[in-house]
Amino acid sequence: MMDTREKGSRKKTEKRNGARLRAILGAMAAGVVIGTFTFITMVATATPENPEVEAAAEAIGREKKEKEEAPEKKVARTPKERKVPLIAIDPGHGGEDCGCMEGGVSEKDVNLQIAFRVKEKLEGRGYQVMMPRETDEYLAKEERVELANSYQADVYVSIHQNTYEGSDKSVSGIETWYDGTDPARDNQRLARLIHQETVKSTGARERELWGEAEFYVTGKTLMPACLIETGFLSNPEERSLLASEEYQNKVAEGIAQGIDLYFHPKSMYLTFDDGPSEESTDMVLDVLARENIKATFFLIGEYVEKYPETARRIAREGHTIGIHCYVHDYQILYESVDSYLEDFWKAYEVIEAVTGVKPELFRFPGGSVNAYNKATCKEIAQKLEEEGFLYFDWNASLDDAVGEKEPGQIIARAKETTLDRKKVVMLAHDRVTNTALCLPEFIAQFPEYRIKPLTPKVEPVQFQMPGKTDV
């Protein structure tokens, strides 16, 4: 049977069917080449925006309005000087529109219960929270969006549940949707954070993160927005969890943590050694420019002489430039303190002459403590610190210069070594082609971090040298 993670399942609405159908057709075409396969279509439907249900509910609503006096209209009140972010938490469905119903558990109720828990957790962290609905009432998607927009909410999160109409009721997990067609809003980062943190907090199966959402609530909101489906009510075990206070708290904690990281990211200093190179450095710079990210480049003097235009581009585009060495030969560099300093000043002069930058930072080739410099590292560091230079080691690495790793392996290694630290100095090498190729996905995989350039004001990450206290 086709795995439910593949795009062989029909989702909640006709809007989702288009994306899934394209994937199914692609899979079928591949099957003709490979051989004959039996495709079992998995149909998942939970109707976050079911047109038929909404139309019927709207008709009922109109009839009620004709018979009763119009209720008091909600008035948007936007704080003039907001000191903390305002979060819109939208429990999907409500009133006549119950969403999906399985085993006596209604989606609209679970959505509302989780939303209140998210609200409580966010307010406990100091955020302002508005909910388009706080009772079991029907509210059209247009009204939900209008409220969020008029309140000028900073982010919008729509909470839903999933269901699966096939015979296999074991289908489970969390998936999250966002509008990937709108670069003006930071939808992807918000969705990725909420997705990964909710998976982490619940231990649920991680399903897809979809950038193909065409829902009104994710497309018409003026702020970053996403829609999370926190589980399958069609799965008896997951339904039981979703109906429990304990599990709802876990879901709410993940959503709240994702939102908190969106506004208060951790810090990553992305550093590149051994450049510039003939092609790869420019590929890296192209990605950084598209993503509006500044990084740090520890340059090798002889390559600056060889590729001066690339070195000048690094400086021109606002990245931090540091000194690595002039010639990357450990035996020559670390033969003595004098040999290291001679190489260092030669690199400094070349970098300044080519780029116009007077570097203040440096990185020891191989790190401040390695097999070649144990006898010289302390004195080298002291002499250069006396000259006003600051050296940086690292506490996480792509390990891209060790062996020939595929892009996926490079990213996996970066994730392994980061260890969820609040401050990460990441080691990479811009001479490695696969590093340049995987850089866009690398950046996407760390939404909880804000990538910054190193400066002399950043407290350095340094290995412990003999006779020096650990920092």
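Numbering starts at 1 and runs along the sequence shown.
- Rounding to the nearest 0.5 Å gives a distance of 11.5 Å between CZ of F215 and NZ of K141.
- In this structure, L261 and H264 have side chains that are not in contact, with every pair of non-hydrogen atoms separated by 4.5 Å or more.
- Electrostatic pairing of R133 and D90 does not count as a salt bridge here, judged by no charged N lying under 4.0 Å from a carboxylate O.
- Within a 6.0 Å sphere centred on NZ of K306, heavy atoms belonging to other residues, nucleotides or ligands number 12 at most.
- Between F272 and F297, the ring-plane angle classifies as parallel under the 30° and 60° cut-offs.
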Quick one: side chains of residues 357-371, donor-acceptor pairs under 3.5 Å with protein atoms, not counting sequence neighbours, listed by atom name and distance.
unit_1 : atom_1 : unit_2 : atom_2 : d
R363   : NE     : F392   : O      : 3.0
R363   : NH1    : T271   : OG1    : 2.9
R363   : NH1    : D273   : OD1    : 2.9
R363   : NH2    : T271   : OG1    : 3.3
R363   : NH2    : D393   : O      : 2.9
S368   : OG     : D393   : OD1    : 3.4
S368   : OG     : D393   : OD2    : 2.5
N370   : OD1    : Y372   : N      : 2.7
N370   : OD1    : N373   : N      : 3.2
N370   : ND2    : P365   : O      : 3.3
N370   : ND2    : G367   : O      : 3.0

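- In this structure, the side chain of K294 engages the main chain of E317 through a donor-acceptor pair within 3.5 Å.
- The ring-ring contact (aromatic ring centres under 6.0 Å, His included) search around Y269 returns none, not counting sequence neighbours.
- In this structure, NZ on K250 lies 13.0 Å from OG1 on T198, to the nearest 0.5 angstrom.
- Residues Q257 and S201 bring no donor and acceptor atom of their side chains to less than 3.5 Å of each other.
- Looking at heavy atoms from C-beta onward, K119 lies in side-chain contact with E134 at the 4.5 angstrom threshold.
- Counted by atom type alone, S336 and D338 present zero donor-acceptor pairs between their side chains at under 3.5 Å.
- When side chains are defined from C-beta on, V354 counts as touching R312, because their heavy atoms get closer than 4.5 Å.
- Interatomic distance, R144 CZ to Y216 OH, rounded to the nearest 0.5 Å: 12.5 Å.
- By the neighbour-count criterion of 12 heavy atoms within 6.0 Å, atom CD of E416 is densely surrounded, having more than that number from other residues, nucleotides or ligands.
- Under the 3.5 Å distance criterion, the side-chain polar atoms of T218 are left unmatched by any main-chain donor or acceptor of C226.
- For the atom pair CD of E197 and CD1 of I228, the computed distance is 11.0 Å after rounding to the nearest 0.5 Å.
- Taking 4.5 Å as the limit, every side-chain heavy atom of M130 sits out of range of all side-chain heavy atoms of I87.
- Within 6.0 Å of NZ on K200 lie more than 12 heavy atoms contributed by other residues, nucleotides or ligands.
- Here side chain to side chain donor-acceptor pair (under 3.5 Å) pairs that include residues 426-447, with residues two or more places apart or in two chains, are S280-T433, T281-D430, D400-H429, D400-T435, E441-Q445.
- Between W210 and Y178, the gap from one ring centroid to the other reaches at least 6.0 Å.
- Considering I255, V129, N249 as possible partners of K121, the one that fulfils the side chain to side chain contact (heavy atoms under 4.5 Å, CB included) test is N249.
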**Asked** Hey, mind stepping through I174 and H195 against side chain to side chain contact (heavy atoms under 4.5 Å, CB included) and telling me if it holds?
**Response** CA-CA 7 Å; I174 293 170; H195 186 76; 4.1 Å; yes

**Asked** Which is it for L209 and E175 under the side chain to side chain contact (heavy atoms under 4.5 Å, CB included) test, yes or no, and what are the steps along the way?
**Response** CA-CA 6 Å; L209 177 70; E175 61 185 32; over 6 Å; no

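- With hydrogens and angles ignored, the 3.5 Å screen pairs a side-chain donor or acceptor of N149 with a backbone N or O of K220.
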**Asked** Under the side chain to side chain contact (heavy atoms under 4.5 Å, CB included) criterion, do E385 and L390 qualify, and how do the steps go?
**Response** CA-CA 6 Å; E385 286 172 348; L390 181 66; 5.6 Å; no

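- For the pair S339 (side chain) and I332 (backbone), a donor-acceptor distance under 3.5 Å is present.
- Judged by distance alone, with hydrogens and angles left aside, the side-chain atoms of T296 form a donor-acceptor pair with the main-chain N or O of L454 at under 3.5 Å.
- In this structure, Y326 has no ring-ring contact (aromatic ring centres under 6.0 Å, His included) partners at least two apart in sequence or on a different chain.
- Residues I300 and V304 form no side-chain contact, since every pair of their non-hydrogen atoms from C-beta on lies 4.5 Å or further apart.
- The shortest distance between side-chain heavy atoms of R313 and D282 falls below 4.5 Å.
- Considering all non-hydrogen atoms of both residues, L147 and S150 come closest at O-OG, 2.9 Å.
- Across all their heavy atoms, P224 and N187 have their closest contact at CA-OD1, 3.2 Å.
- Between the side chain of R185 and the main chain of D182, no donor-acceptor pair closer than 3.5 Å is present.
- Using a 4.0 Å cut-off between a side-chain N of Lys or Arg and a carboxylate O of Asp or Glu, D343 and K346 do not qualify as a salt bridge.
- Put simply, CD on E448 and NZ on K266 are 5.0 Å apart, with the number rounded to the nearest 0.5 Å.
- Counting heavy atoms from C-beta on, the side chains of P85 and Y127 come closer than 4.5 Å.
- When the shell of 6.0 Å around NZ of K383 is examined, it contains 12 or fewer heavy atoms from other residues, nucleotides or ligands.
- Note that the CG atom of L270 and the NE2 atom of H319 stand 10.0 Å from one another [nearest 0.5 Å].
- K405 meets the side-chain contact (heavy atoms from CB on, under 4.5 Å) test with D399, V402, Q409, I410; sequence neighbours excluded.
- Cation-pi geometry between K374 and Y334 is not met: the NZ or CZ atom fails to fall both under 6.0 Å from the ring centre and inside 45° of the normal.
- When atom types are taken as modelled, the side chain of Q462 and the backbone of Y391 share a donor-acceptor pair closer than 3.5 angstrom.
- Checked by atom type and distance alone, the side chain of T221 never pairs as donor or acceptor with a backbone atom of V145 at under 3.5 Å.
- Counted within 6.0 Å of CD on E342, heavy atoms from surrounding residues, nucleotides or ligands total 12 or fewer; the atom is thus considered open.
- The nearest pair of heavy atoms linking Y340 to H324 is OH-O, 4.2 Å.
- Minimum interatomic distance between V284 and A436 (heavy atoms only, all atoms of both residues): CG2-CB, 3.8 Å.
- Here the shortest heavy-atom pairing between R207 and S172 reads CD-O, 3.0 Å.
- Taking all atoms of both residues into account, the shortest heavy-atom contact from W394 to F463 is O-CE2, 3.3 Å.
- Between the side chain of N111 and the backbone N or O of G92, at least one donor-acceptor pair lies under 3.5 Å.
- Put simply, the side chain of E238 gets close to the backbone of F232: a donor and an acceptor are under 3.5 Å apart.
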**Asked** Step by step, would you call I159 with V110 a side chain to side chain contact (heavy atoms under 4.5 Å, CB included)?
**Response** CA-CA 9 Å; I159 298 174; V110 176; over 6 Å; no

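- Looking at residues two or more places apart in sequence or on another chain, you find a salt bridge (Lys or Arg N to Asp or Glu O under 4.0 Å) between R125 and E253, D260.
- When only modelled atom types and interatomic distance are considered, K452 and S267 share a side-chain donor-acceptor pair under 3.5 Å.
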